[in-house]
Amino acid sequence: MKDINHEQVVRSIFSKRNSNGTLKNRESSSVEFKQSYNRNNGVKYAKTMSAYANNHDGYIIFGVTDSPRNVIGLTNNNFDNLNQEKFTDVLNSYFAPSIEWDMGTIIVDDKKVGWIYAEEAEQKPVVAQKSNEGEKIVPGDIFYRYKARSEKIKYAEITKIIQDRIDRERESLLKLMEVIRKSGTANLGIVNYNNGKMSTPYGVDVTFERKLVTQVLRKAKFIKEGSFNETEGIPVLKVTGNIDLAEEVPVPEGIPDETHPYIQKQLAEKLGITTQELYALIWYFKMKESRKYHLEITTSANSKTHKFSNFALQFLREKLKELSDNPEEFEQIKKAYKDRNK
C-alpha cells in the first residue's frame with residue numbers, strides 16, 4: 001500500500017466551497033460521492049474500486065448528497081460496522097488480481113464522513129471473475145474510471161495498459177543486461193520456472209521437472225523477478241515466473257468436500273492452535289486469495305462456508321515450524337491481525 005495521508009487528501013476535497021456552502025469539487029476520475037453507505041452495495045463499490053485500480057487510484061466518499069453537493073454525514077453505524085475481511089472477500093471473489101484498499105472516517109462540519117480508497121493496481125488490468133446481473137458484470141469485464149463514471153474499458157485505455165506492461169518489462173530487461181555487463185558475468189544461466197527450461201550460455205536449452213527446481217531453489221541462492229543486489233555478489237541463478245518454495249502444487253479440482261475437506265475449526269484442531277491464531281495466519285499469508293488453499297462455498301442466500309485443502313494444512317504446518325523458532329514473529333502476526341481494523 002502506498003504511503004498516503006488519506007485524511008489530508010480527503011480534507012482537501014472538502015476545502016473548496018461555494019458561497020452557499022456546497023462543495024466545489026465534482027465527481028471525477030478519482031472521486032465519487034455517496035449520500036450513505038449501504039452494506040448491500042458491496043459489489044457496486046467493488047466495481048468502482050476496480051475502475052480506480054485500472055486507472056490511477058481513487059476515493060468513494062460517503063455522507064455527501066449528489067446535487068447539490070452538501071455534507072450531511074453518515075446517519076447510521078453501517079460504515080463503522082463494515083467488516084473489512086468480508087468486504088475483501090467480496091472484492092477478491094469478483095475481481096482479480098486483488099485490489100489494495102483502505103478506509104476511514106473524518107469529521108467535516110461536525111458531521112462524520114466515511115471514505116474508501118482503492119490503490120492503483122501494480123498488475124493491470126483488474127478483471128471481473130464472475131457475473132452480477134444487478135451491476136451488469138460478466139466474467140472478463142474490465143472497468144475503467146472515466147471522469148465521473150466507471151465504465152467498461154475502451155480501446156485506447158486497454159492499449160495503454162498493455163503498452164505500459166511492455167515498457168516495464170523492457171525496462172527490467174535493460175536493467176538486467178546492465179547488471180550483467182557491470183558484473184562481468186559471462187556464464188549466466190536463466191531459469192524460467194513457468195515452462196521448466198534453463199537457457200545456458202552455450203546456446204542449449206535444458207528442460208527439467210518443476211518439482212526438481214523447487215528442491216534446487218530451496219538450497220540455492222536465487223534472485224526473484226529481476227531484483228538484483230549489486231553489493232553482495234553475483235547471483236548464481238536468475239529465476240522467472242511465480243514460485244512458491246513452501247509448496248508447489250496444482251489447484252485441486254473435483255468435489256469441494258474432497259478437495260477442500262477442512263472448515264477453519266477442523267484446520268485449527270489439526271494444527272494444534274486456537275481458531276484466532278489460525279485466522280491470523282490465514283489473513284497474514286493471504287491464503288483466501290488462492291484456490292489451491294481456500295474455497296468459499298455458498299450454503300444459503302446469506303451464508304457462506306470457508307473450506308481449506310490439504311495443501312493449506314501442509315503449508316501452515318511448515319509455517320508454524322518456522323515460527324516455532326521465532327515466537328516473537330508469531331506474536332507480531334497475531335497483533336497485526338488483531339489491529340487490522342484500527
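No side-chain donor from either of Gln314 and Asn310 sits under 3.5 Å from a side-chain acceptor of the other. Donor-acceptor pairing under 3.5 Å is lacking for the side chains of Tyr94 and Glu135.
Partners of Lys130 under the salt bridge (Lys or Arg N to Asp or Glu O under 4.0 Å) rule, at least two apart in sequence or in another chain, do not exist in this structure. Shown here are the ring-ring contact (aromatic ring centres under 6.0 Å, His included) partners of Phe308, two or more places apart in sequence or in another chain: His294.
Using a 4.5 Å heavy-atom threshold, the side chains of Ile273 and Leu281 count as touching. Contact of the Met103 side chain with the His6 side chain is not registered, since no non-hydrogen atoms from C-beta on lie closer than 4.5 Å. The shortest distance between side-chain heavy atoms of Phe330 and Leu320 falls below 4.5 Å. Inter-residue side-chain proximity for Ser309 and His260 is flagged as met; some heavy-atom pair is nearer than 4.5 Å.
Between the side chain of Asp141 and the backbone N or O of Ala128, no donor-acceptor pair lies under 3.5 Å. In this structure, Ser93 contributes its side chain and Asp89 its backbone to a donor-acceptor pair below 3.5 Å. Under the 3.5 Å distance criterion, the side-chain polar atoms of Asn54 are matched with a main-chain donor or acceptor of Phe143. At least one donor-acceptor pair under 3.5 Å links the side chain of Lys124 to the backbone N or O of Asn55. Between the Ser50 side chain and the Lys47 main chain, a donor and an acceptor come within less than 3.5 Å of each other. Side chain of Gln129 to backbone of Asn92: a donor-acceptor contact under 3.5 angstrom is found. Between the side chain of Asn18 and the backbone N or O of Asn20, no donor-acceptor pair lies under 3.5 Å.
Between Ile72 and Val64, the shortest heavy-atom distance links the atoms CG1-N, 4.4 Å.
Ion pairing of Glu32 with Arg145 is present here, as a side-chain N (NZ or NE/NH1/NH2) and a carboxylate O approach within less than 4.0 Å. Checked for salt-bridge contact, Lys335 and Glu331 miss the test: no charged N lies under 4.0 Å from a carboxylate O. The pair Asp164-Arg168 does not meet the salt-bridge criterion, since no charged nitrogen lies less than 4.0 angstrom from a carboxylate oxygen. A salt bridge is defined here as a Lys NZ or Arg NE, NH1 or NH2 lying under 4.0 Å from an Asp or Glu carboxylate O, and Glu277 with Lys319 fails to meet this definition.
Within the 6.0 Å centre-distance limit, the rings of Tyr117 and Tyr59 are counted as a close aromatic pair. Remark: aromatic rings of Phe315 and Phe285 are close, center separation under 6.0 Å.
Screening residues 49-75 for salt bridge (Lys or Arg N to Asp or Glu O under 4.0 Å) gives no qualifying pairs among residues at least two apart or on separate chains.
Val138 and Val127 fall into different hydrophobic clusters, where Ile, Leu, Val, Met, Phe, Trp and Tyr are joined by side-chain heavy atoms under 4.5 Å apart, directly or via other members.
A perpendicular orientation is assigned to the rings of Phe33 and Phe14, their planes being inclined by more than 60° (bins at 30° and 60°).
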